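What follows is a set of notes on a single structure, which appears directly below.
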Amino acid sequence: MPQPLAAGTEPGVDLRDVERETAMIRLFDGHHAQLVRLAVLLGAEQDAEDVVAEAFCVLHSRWYRLRAPEAAPAYLRSVVCNLVRIRIRRLQVSRRHADVELFHIASAESTALLHEDQRQVVDALKNLPTRQREALVLRYWMDLKEREIAEAMGISTGAVKSHIFRGMHALSRAMESHR
Amino acid sequence: MSVDDPEARLRDTLDSLASTVVPSPDAYARARTEWQRRDRRRRLVMLALAVLIVAVADVVGLWALHSLAEPDRTPRHERIDVIVQP
């Protein structure tokens with residue numbers, strides 16, 4: 001666990017910065033592992049740690065622009081979703097140019113530990129459009145409300161409902177076809 | 001868990017997949033080093049910018065003072081009419 005800074009030990013340190021560092025430690029301690037898992041489920045694969053570290057750096061630089069410190073976890077989720085989406089898009093473009101098979105949601109190493117039926121679900125999930133996959137992961141793994149999902153994805157709640165409905169429909173059909 | 005329920009299957013799969021992910025123990029140290037480095041860089045850029053603005057303002061001010069304090073040219077070859085009154 002990260003050790004908190006001792007306030008007032010360093011002369012000339014801004015108190016606001018000390019508060020920010022303390023809040024960052026608490027956030028890291030409480031949310032880092034979950035965010036890395038979220039990044040993996042969204043398709044960040046081996047870059048999940050880097051994506052989450054980048055999200056924390058972004059949060060650190062924009063800390064004073066947050067409407068409240070309580071908004072930080074939602075902001076981190078949103079940044080992770082955006083960064084993973086950018087990464088997937090970049091990979092898709094580069095692989096299309098290189099004429100290589102498209103993106104896989106989870107590495108062979110992690111899916112090897114899953115059962116056969118779970119692997120089918122992962123296969124079906126990786127074939128979904130990025131937005132639908134995001135909505136399903138945020139809804140069924142993080143148990144977020146539609147409003148929170150909309151905030152994380154930067155879309156309306158109506159669009160979230162649509163993505164979840166279409167995603168589940170496509171997933172159910174894919175599962176049926178595997179039987 | 002019902003095998004026929006796609007939502008339950010999805011939850012179960014996502015939980016299983018997530019449980020295979022173990023974050024590295026030095027993640028905090030690396031991330032903190034990175035955000036501190038960026039913070040130092042940002043402060044340095046701001047300081048350099050402030051110094052640059054002050055320096056430019058100084059140069060402009062000194063130039064303005066110099067141009068105002070410049071003495072009038074002494075007449076050499078110009079004709080001067082001298083009126084001597086008796």
Side-chain angles (χ1 to χ4, degrees), chain A residues 1-3 17 20-21 24-25 28-29 32-41 48-50 52-61 63 105-107 109-115 117-122 124-125 136-137 139-143 164 167-169 171-176 179, chain B residues 1-70:
Chain A
M1 182 192 149
Q3 294 299 310
D17 287 346
R20 176 176 64 172
E21 292 298 322
M24 290 294 291
I25 290 167
F28 207 93
D29 204 30
H32 178 260
Q34 193 192 35
L35 288 169
V36 172
R37 289 180 184 124
L38 172 66
V40 169
L41 295 179
E49 294 251 13
D50 293 339
V52 176
E54 177 65 25
F56 273 96
C57 287
V58 172
L59 175 68
H60 187 266
S61 67
W63 181 260
I105 188 168
S107 65
E109 196 180 314
S110 55
T111 51
L113 299 169
L114 301 177
H115 299 298
D117 58 332
Q118 290 175 332
R119 227 172 290 158
Q120 285 172 3
V121 177
V122 171
L125 204 57
L136 290 181
V137 169
R139 177 74 189 87
Y140 293 104
W141 183 67
M142 291 202 91
D143 282 326
I164 291 175
M168 272 319 295
H169 184 67
L171 213 58
S172 305
R173 270 198 318 194
M175 286 177 200
E176 286 292 324
R179 282 190 193 165
Chain B
M1 178 195 93
S2 164
V3 180
D4 292 328
D5 184 5
E7 290 187 9
R9 274 183 75 179
L10 179 60
R11 275 182 206 278
D12 183 56
T13 304
L14 292 174
D15 281 339
S16 301
L17 193 57
S19 65
T20 62
V21 180
V22 183
S24 65
D26 65 335
Y28 174 74
R30 280 191 291 123
R32 186 171 175 232
T33 308
E34 181 60 20
W35 77 56
Q36 283 181 337
R37 187 187 67 78
R38 289 188 195 187
D39 200 38
R40 270 198 304 273
R41 191 165 169 270
R42 188 182 57 81
R43 282 168 199 257
L44 203 67
V45 168
M46 294 295 280
L47 185 71
L49 210 61
V51 168
L52 188 73
I53 289 168
V54 169
V56 168
D58 280 353
V59 168
V60 169
L62 286 172
W63 174 80
L65 283 174
H66 180 72
S67 63
L68 283 175
E70 216 170 52

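Remember, it's a predicted structure, so these values are computed and weren't measured experimentally. In the text below, chain A, chain B and the rest are named by the order of the sequence lines, each starting its count at 1.
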Is [Y] close to [X] at the side-chain level, that is, under 4.5 Å between some pair of heavy atoms?
{"X": "B:Ser19", "Y": "A:Arg37", "value": "no"}
{"X": "B:Thr13", "Y": "A:Leu125", "value": "no"}
{"X": "A:Met168", "Y": "B:Leu10", "value": "yes"}
{"X": "A:Gln120", "Y": "B:Arg9", "value": "yes"}
{"X": "B:Tyr28", "Y": "A:Ile25", "value": "yes"}

Nearest 0.5 angstrom please: [X] [atom1] to [Y] [atom2], how far?
{"X": "B:Arg30", "Y": "A:Asp50", "atom1": "CZ", "atom2": "CG", "value": "6.5 Å"}
{"X": "B:Gln36", "Y": "A:Glu21", "atom1": "CD", "atom2": "CD", "value": "5.5 Å"}
{"X": "A:His32", "Y": "B:Ser24", "atom1": "NE2", "atom2": "OG", "value": "6.5 Å"}

Which atom pairs, donor and acceptor, lie under 3.5 Å between side-chain atoms of residues 49-67 of chain B and protein residues at least two apart or in another chain?
from: B:Ser67; atom 1: OG; to: B:Trp63; atom 2: O; distance (Å): 3.3
from: B:Ser67; atom 1: OG; to: B:Ala64; atom 2: O; distance (Å): 2.9

Residue B:Asp39 versus chain A: region with a heavy atom under 4.5 Å: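 B:Asp39 touches chain A through side-chain heavy atoms alone.
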Contact class of B:Arg37 relative to chain A, heavy atoms under 4.5 angstrom: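 No part of it gets close to chain A.
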Closest approach of [X] to [Y] (non-hydrogen atoms, all atoms of both residues):
{"X": "A:Ala53", "Y": "B:Ala31", "answer": "CB-CB, 4.2 Å"}
{"X": "B:Ala27", "Y": "A:Glu49", "answer": "CB-OE1, 3.6 Å"}
{"X": "B:Arg38", "Y": "A:Cys57", "answer": "NH1-CB, 3.6 Å"}
{"X": "A:Leu41", "Y": "B:Leu17", "answer": "CD2-CD2, 3.5 Å"}

Plane angle bin for A:His60 and B:Trp35 - parallel if under 30°, tilted between 30 and 60°, otherwise perpendicular: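 Parallel.
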Interface residue of largest heavy-atom contact number with chain B, from A:Leu171, A:Val36, A:Val121, under 4.5 Å: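 Of the candidates given, the most pairs with chain B belong to A:Val121.
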